[in-house]
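Presented below is the structure to which this report refers.
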There are 2 protein chains.
Amino acid sequence: MDKDKIDKKDHILDVAERVFSDMGFDGASTRMISGEAGVNMAMLNYYFGSKEGLFLAVFDRKISSFQDLLHNLGIDDTISSWAKVESYIDIYSNRVVNNNCFQKLLYQEMSINRRTDLSDKIHAMLMTSVLELYKMLQEGIDNGEFKADSDLQMVVATIYGTKNFMINTPLLASSMLGYDILDEKIIEEKLKPRLKKYLKTLLKSYLLNDNEHTN
Amino acid sequence: MDKDKIDKKDHILDVAERVFSDMGFDGASTRMISGEAGVNMAMLNYYFGSKEGLFLAVFDRKISSFQDLLHNLGIDDTISSWAKVESYIDIYSNRVVNNNCFQKLLYQEMSINRRTDLSDKIHAMLMTSVLELYKMLQEGIDNGEFKADSDLQMVVATIYGTKNFMINTPLLASSMLGYDILDEKIIEEKLKPRLKKYLKTLLKSYLLNDNEHTN
DNA sequence: CAAAATTAATCAATCGTTTGATTAATTTAA
DNA sequence: TTAAATTAATCAAACGATTGATTAATTTTG
């Protein structure tokens with residue numbers, strides 16, 4: 001039925017998302033994806049037109065939820081700028097970990113220099129997220145909550161970069177942290193809270209004016 | 001002669017390094033590399049055995065200088081732990097920027113889940129660098145210079161992650177920072193000093209005990 | 001039945017690699 | 001020193017395999 005068709009397309013997208021992020025766009029073959037998804041190879045083209053179409057479909061499926069996240073942030077004007085940043089870190093850390101294979105895919109393609117039409121799309125998507133965070137930080141400076149000489153753009157780079165280091169190089173991060181950060185349970189119980197606590201402590205002492213140190 | 005042969009192999013490696021980091025391992029074809037290098041396609045196999053052999057040769061050429069960097073660090077016991085970290089940031093920021101295309105290649109391959117023999121090699125190489133920095137930080141805690149509850153592994157992730165964000169997604173970083181960080185001159189005059197200053201300020205307030213705030 | 005979904009078979013193109021032949025450089029032999 | 005023998009470097013051409021994509025036939029569905 002219609003339901004089954006949507007489910008099947010969604011199933012293909014699930015598999016494609018994982019295979020793409022594991023092997024990269026070029027490393028992932030359509031036979032591999034269709035094989036793991038348990039569908040005929042021609043179905044990929046039937047549904048998505050082409051390999052690149054499938055790739056784009058994986059992205060399109062995520063974009064909406066991506067923008068939902070951003071919309072609900074920065075709305076509440078009753079809380080302090082630092083509280084906003086803290087909640088951004090919370091939400092972002094949660095997302096990151098639950099969508100790690102998509103996140104990986106995202107930055108993997110951003111680091112390739114060709115396929116400009118696609119990377120433009122990714123670029124725009126990421127910039128929306130980046131600017132939202134930046135705006136939040138700038139507000140903190142404007143209202144005197146944050147140090148005026150804070151390098152906000154670098155702060156953004158640190159939040160995204162620290163997260164990416166975990167997501168994009170999980171093997172390296174695992175042997176560094178001493179536990180397998182690909183394990184779902186460990187992610188939930190250890191990595192998430194640790195990442196949140198660390199980023200908050202790190203940025204608090206960097207951003208906040210000294211007279212604001214009221215914990 | 002012998003000189004020319006070495007130069008030619010080196011020239012191929014130069015080109016391969018750039019093409020690989022631009023297109024990824026799978027995206028870069030041997031025809032493309034040999035074409036840009038201006039040599040016959042068969043020469044790649046003649047010199048390096050295979051595409052993967054060429055890829056490994058690109059790495060091998062860099063490893064030695066990578067380890068030289070680490071060796072000269074942490075030797076001087078007369079300076080404080082924080083001074084060591086500062087000089088690590090300096091050296092690392094310099095390297096990073098000058099070898100950005102290799103650095104990109106490095107982390108690009110680390111984010112792919114297959115080719116385990118190769119990624120093992122990269123993994124080992126990076127871990128050496130990571131552990132050296134970590135040891136340095138741990139010393140700072142042991143001698144009471146750094147806060148005892150500092151999350152050192154996360155600090156490593158921040159240093160590497162912030163740098164990677166610049167190197168691996170230069171387009172995103174450029175439109176965020178407002179200038180083209182692929183431009184050699186801008187890298188030297190703006191990105192380098194900015195990255196150094198930021199990382200030092202950020203980590204200083206996070207790592208150092210308050211009674212050490214003498215600067 | 002007609003439309004949509006699914007399949008197996010096939011397509012041209014490109015992949016990394018290998019081949020046999022040719023040229024250039026070096027070494028050996030007389 | 002010269003000629004012969006050997007080695008190294010380079011090339012165009014072709015290899016089999018795999019790629020993404022398409023076709024035409026078949027099955028399923030409404």
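Numbered from 1 within each chain, the chains take letters A, B, ... in sequence-line order.
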- Kindly say whether I159(A) contributes a backbone atom to a donor-acceptor pair with the side chain of T162(A) at under 3.5 angstrom? no

- Looking at F102(A) versus F59(A), is the centre-to-centre ring distance below 6.0 Å? yes

- Message: If we ignore hydrogens and angles and just use 3.5 Å, is the side chain of K51(B) paired with the main-chain N or O of A28(B) as donor and acceptor?
- Response: yes

- Message: For a quick check, with a 4.0 angstrom heavy-atom cut-off, what is the B/S/- contact string for nucleotides 10-23 of chain D, read 5' to 3'?
- Response: BBBBB----BBBB-

- Message: Could you check whether any side-chain N or O of T128(A) sits under 3.5 Å from a backbone N or O of A124(A), counting only pairs where one atom can act as donor and the other as acceptor?
- Response: yes

- Are I12(A) and F48(A) side-chain neighbours, meaning at least one heavy-atom pair lies under 4.5 Å? yes

